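Following: one structure in structure tokens, then a few remarks.
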Number of protein chains: 2
Amino acid sequence: MTSKRPSAPLLDSAKPQSQRPSGSPCAACTVRDQSLCAPLSDEELGIVEGFRSGTRRIAAGHDLLVQGEPATELYNLISGWVFNYQLLEDGRRQIDKIGLPGDFLGFQADLERPMGYSVHALTECEVCVFPRRNLLELFREKPALALRLTWMIARDESLARERLTSVGRRSALERIGYFLLDLYYRVRLREGVPVGADIPLPLTQEHIGDALGLTSVHVNRTLRELREMGLLRVAGRRLHVMDPDGLADIAGVDEDTFAEYATFPGTAC
Amino acid sequence: MTSKRPSAPLLDSAKPQSQRPSGSPCAACTVRDQSLCAPLSDEELGIVEGFRSGTRRIAAGHDLLVQGEPATELYNLISGWVFNYQLLEDGRRQIDKIGLPGDFLGFQADLERPMGYSVHALTECEVCVFPRRNLLELFREKPALALRLTWMIARDESLARERLTSVGRRSALERIGYFLLDLYYRVRLREGVPVGADIPLPLTQEHIGDALGLTSVHVNRTLRELREMGLLRVAGRRLHVMDPDGLADIAGVDEDTFAEYATFPGTAC
DNA sequence: TCATAGCGCTAACCTAAGTCAAGAAGCCCG
DNA sequence: CGGGCTTCTTGACTTAGGTTAGCGCTATGA
């Protein structure tokens with residue numbers, strides 16, 4: 001049940017690395033459809049630029065937001081993978097969400113309060129920065145954005161609930177199957193990866209364990225089992241799902257559980 | 001890991017029992033401060049009455065909303081306890097949220113989609129009914145309500161995340177300690193129960209197990225342990241926390257983790 | 001180029017929690 | 001007041017997953 005956190009620079013603060021002058025890049029934003037900004041028309045998009053304070057790069061392995069510290073900024077993830085996690089005093093870690101491009105990072109019920117969790121960059125990331133103080137004003141200006149945010153949070157809540165069901169009630173085999181299948185669909189549908197191709201998976205087995213309430217050792221054993229069943233293969237930081245249906249079977253989900261991800265970009269509230 | 005669901009009428013649909021004509025009871029609403037309506041002034045309150053369709057009683061043991069079925073109505077819980085749960089095909093159950101008076105029930109990202117979870121009445125409940133179709137219009141009329149809802153969902157998400165950390169990384173003793181302490185504070189602060197008094201706890205040991213990813217047998221063992229440590233006592237559908245600090249210690253939370261509940265009513269966004 | 005560090009992988013062993021079973025309370029309802 | 005429910009409780013036994021420890025591979029960087 002335990003897992004002593006190792007050396008790693010897990011609690012280092014994020015280090016700003018470059019800070020472009022915010023030209024007018026929103027029009028060329030690569031994640032617009034999946035992000036907060038989806039409901040905005042081309043003309044409206046200009047408004048956002050007045051509220052954001054540019055983009056920033058975060059090196060892999062650094063924390064964008066730190067549990068216990070107040071967050072002065074919110075981020076729209078443009079590229080890269082992140083995860084949210086909570087730490088117990090003795091170092092046990094729970095990873096609760098894997099964030100992909102388009103996800104909005106750092107919002108919580110009470111923005112005045114210190115962060116309830118940390119956000120960690122798995123790969124090098126590029127984020128679009130919103131000073132916290134601007135946010136409510138932006139929402140007042142463009143209520144559609146507020147609605148969109150509500151929608152995104154509700155989606156996060158549903159993912160969290162789903163994950164809770166996994167960790168509370170599914171076996172290791174089911175859990176890992178479900179988790180990887182879920183990632184597989186999320187990534188495929190956002191990035192338009194062709195069926196049958198493998199996807200990047202910048203997670204160690206320890207990350208997977210911390211996301212699912214397992215040990216890295218047991219993750220390894222279970223991954224082997226899934227490989228021997230011919231369902232998937234994890235190697236070289238990539239995931240290859242060979243038999244999505246068989247995997248869905250193991251995970252105990254009905255066919256279209258992940259179909260709803262397909263609606264993600266379209267549903268502009 | 002498994003737990004065969006027993007006989008019980010878990011999947012019965014909710015049975016409407018009475019349907020008062022909606023006089024003008026909003027002014028006398030007992031949960032106004034804790035509910036969606038908190039941001040409304042006395043005058044504004046009248047508006048809500050045009051959108052809601054009255055109140056309804058649900059008998060204990062019935063489901064208000066059912067996983068897989070579309071929800072035509074949303075509810076504001078006025079009195080009674082409920083819980084949200086998800087069911088796996090083989091009957092394993094995960095309870096994800098205990099709902100108390102003031103909680104808003106049934107909202108999810110995509111209201112058109114069938115419910116992703118069920119809501120079950122633990123005690124007899126009284127709810128304030130909002131037809132789903134009215135909701136967006138109501139929010140357009142009163143944006144403060146939309147903001148308030150966002151706030152409430154974000155709060156739910158944070159609770160779900162906290163619970164995930166428990167189930168994924170805490171031992172049975174810690175988990176149960178945390179869970180009961182959390183309920184203790186939530187109930188105390190909402191109902192103004194005096195310090196040292198016991199609170200109602202309409203949960204069976206099986207419910208607690210299903211909420212925390214444990215077996216009822218193991219919950220029983222662990223409850224005994226907590227009792228023998230002099231920390232708490234569960235009996236006759238009531239919970240008596242004898243040593244909140246000691247319990248917080250076991251649960252591994254810092255003092256003011258639950259202090260934020262205190263801000264619940266006040267923070268009208 | 002060698003050394004260090006992180007990660008993957010496996011094996012042997014251990015323990016927290018699950019399973020099964022059965023009796024004791026308590027409760028509802030005729 | 002007496003069956004038929006759940007729910008609680010406990011004991012004996014099993015098991016999924018945790019722990020510890022090593023080895024090998026691959027980067028990285030001085």
Side-chain angles (χ1 to χ4, degrees), chain A residues 1-10 59-61 90-94 122-123 166-177 201-228 232-239 250, chain B residues 1-10 59-61 90-94 120 122-124 166-177 201-228 232-239 250:
Chain A
M1 185 114 323
T2 306
S3 83
K4 277 278 160 52
R5 202 93 316 286
S7 46
L10 279 175
D90 61 358
R92 282 174 290 179
R93 175 175 69 176
Q94 178 66 45
L122 273 166
T123 66
S166 266
V167 175
R169 285 303 179 212
R170 283 191 242 254
S171 72
L173 200 68
E174 296 169 313
R175 252 182 266 186
I176 294 184
L201 187 75
L203 296 167
T204 67
Q205 296 181 351
E206 184 169 21
H207 288 136
I208 298 176
D210 282 351
L212 299 177
L214 298 167
T215 319
S216 62
V217 174
H218 199 61
V219 170
N220 186 287
R221 287 195 278 250
T222 310
L223 244 22
R224 165 155 52 93
E225 201 173 338
L226 287 165
R227 185 180 350 113
E228 284 166 357
L232 57 79
R233 181 171 297 272
V234 173
R237 283 304 103 110
R238 300 192 70 85
L239 163 66
I250 290 287
Chain B
M1 185 112 323
T2 307
S3 83
K4 277 278 159 50
R5 202 98 310 289
S7 47
L10 280 177
D90 61 358
R92 283 174 289 178
R93 176 175 67 176
Q94 177 66 46
H120 182 84
L122 273 166
T123 66
E124 183 181 61
S166 267
V167 176
R169 286 302 178 212
R170 282 190 243 254
S171 72
L173 200 68
E174 296 169 313
R175 254 183 264 187
I176 295 184
L201 186 76
L203 297 167
T204 65
Q205 296 180 352
E206 184 168 21
H207 289 136
I208 298 176
D210 282 351
L212 299 177
L214 298 167
T215 318
S216 63
V217 174
H218 199 61
V219 169
N220 187 287
R221 288 195 276 251
T222 310
L223 244 22
R224 166 156 51 91
E225 200 173 340
L226 287 164
R227 186 182 347 114
E228 284 167 355
L232 57 79
R233 181 171 298 270
V234 172
R237 286 301 104 114
R238 300 192 69 85
L239 163 66
I250 290 286

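All values derive from a computational prediction rather than experimental measurement. Reminder, nothing fancy here: chain letters follow the sequence lines and each chain counts from 1.
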Practice item. May I have the distance from A/Glu174 (atom CD) to D/dA16 (atom C1'), rounded to whole angstrom? Key: 12 Å
Check your understanding: Between A/Glu174 and A/Ile250, which heavy-atom pair has the shortest distance, and what is it?
Key -> CG-O, 3.4 Å
Heteroatom pairs (N/O) under 3.5 angstrom, protein to nucleotides 23-28 of chain D:
none

Point to revise | Rounded interatomic separation in angstrom, taking NE2 from B/His218 and P from C/dG18 | key: 6 Å
Exercise for review: Check step by step if side-chain contact (heavy atoms from CB on, under 4.5 Å) holds for B/Thr204 and B/Arg237.
Suggested key: CA-CA 8 Å; B/Thr204 65; B/Arg237 286 301 104 114; 4.0 Å; yes
Exercise for review: Five pairs at each end of the helix from C/dT1-D/dA30 to C/dG30-D/dC1: take the axis at both ends and give me the angle between them to 10°.
Suggested key: 40°
**Study point:** Length of the line joining A/Ile208:CD1 and C/dC9:P, which is rounded to integer Å
**Key:** 11 Å
**Study point:** Reported CD-to-CZ distance for the pair A/Glu228 and A/Arg233, which is rounded to 0.5 angstrom
**Key:** 10.0 Å
Revision key, fill the gap. Nearest heavy-atom approach of A/His207 to A/Leu122 is CE1-CD2, 3.5 Å
Quick test: give all pairs of protein nitrogen or oxygen and nucleotides 9-13 of chain D nitrogen or oxygen below 3.5 Å, distance rounded to 0.1 Å.
residue : atom : partner  : partner atom : Å
D/dT9   : OP2  : B/Gln205 : NE2          : 2.8
D/dT9   : OP2  : B/Asn220 : ND2          : 3.0
D/dT9   : O5'  : B/Asn220 : ND2          : 3.4
D/dT10  : OP2  : B/Arg224 : NE           : 2.8

Study note, to complete from the structure: note: B/Leu173, atom CG; C/dA17, atom P; distance rounded to Å ~ 9 Å
Exercise for review: Measure the distance from CZ on B/Arg175 to P on C/dA16 and round it to the nearest whole Å.
Suggested key: 13 Å
Review point. Which atom names give the shortest non-hydrogen contact between B/Asp210 and A/Arg169, and what distance separates them?
Key: OD1-NH2, 2.7 Å
Review point. What's the CD-P distance between A/Glu206 and D/dG17, to the nearest Å?
Key: 18 Å
Review point. What heavy-atom pair brings B/Leu214 and B/Arg175 nearest, and what distance separates the two atoms?
Key: CD2-NH1, 3.7 Å
Exercise for review: Quickly work out the B/Arg237 CZ to C/dA25 P distance and round it to whole Å.
Suggested key: 17 Å
Check your understanding: Nearest-Å distance, CD (A/Glu228) to C1' (C/dC9)?
Key -> 12 Å
Study note, to complete from the structure: Looking only at heavy atoms, the pair that brings B/Leu212 and B/Gln94 closest together is N-NE2, 4.4 Å
Check your understanding: Taking C-beta and beyond as the side chain, do A/Val234 and A/Ile208 meet within less than 4.5 Å on heavy atoms?
Key -> no
Check your understanding: Any side-chain heavy-atom pair from A/Thr215 and A/Glu206 closer than 4.5 angstrom?
Key -> no
Review point. What is the minimum heavy-atom distance between B/Ala211 and B/Val167, and which atoms define it?
Key: O-CG2, 4.2 Å
Point to revise | Pairwise distance CZ(B/Arg221) to CG(B/Leu173) - rounded to 0.5 angstrom | key: 13.0 Å
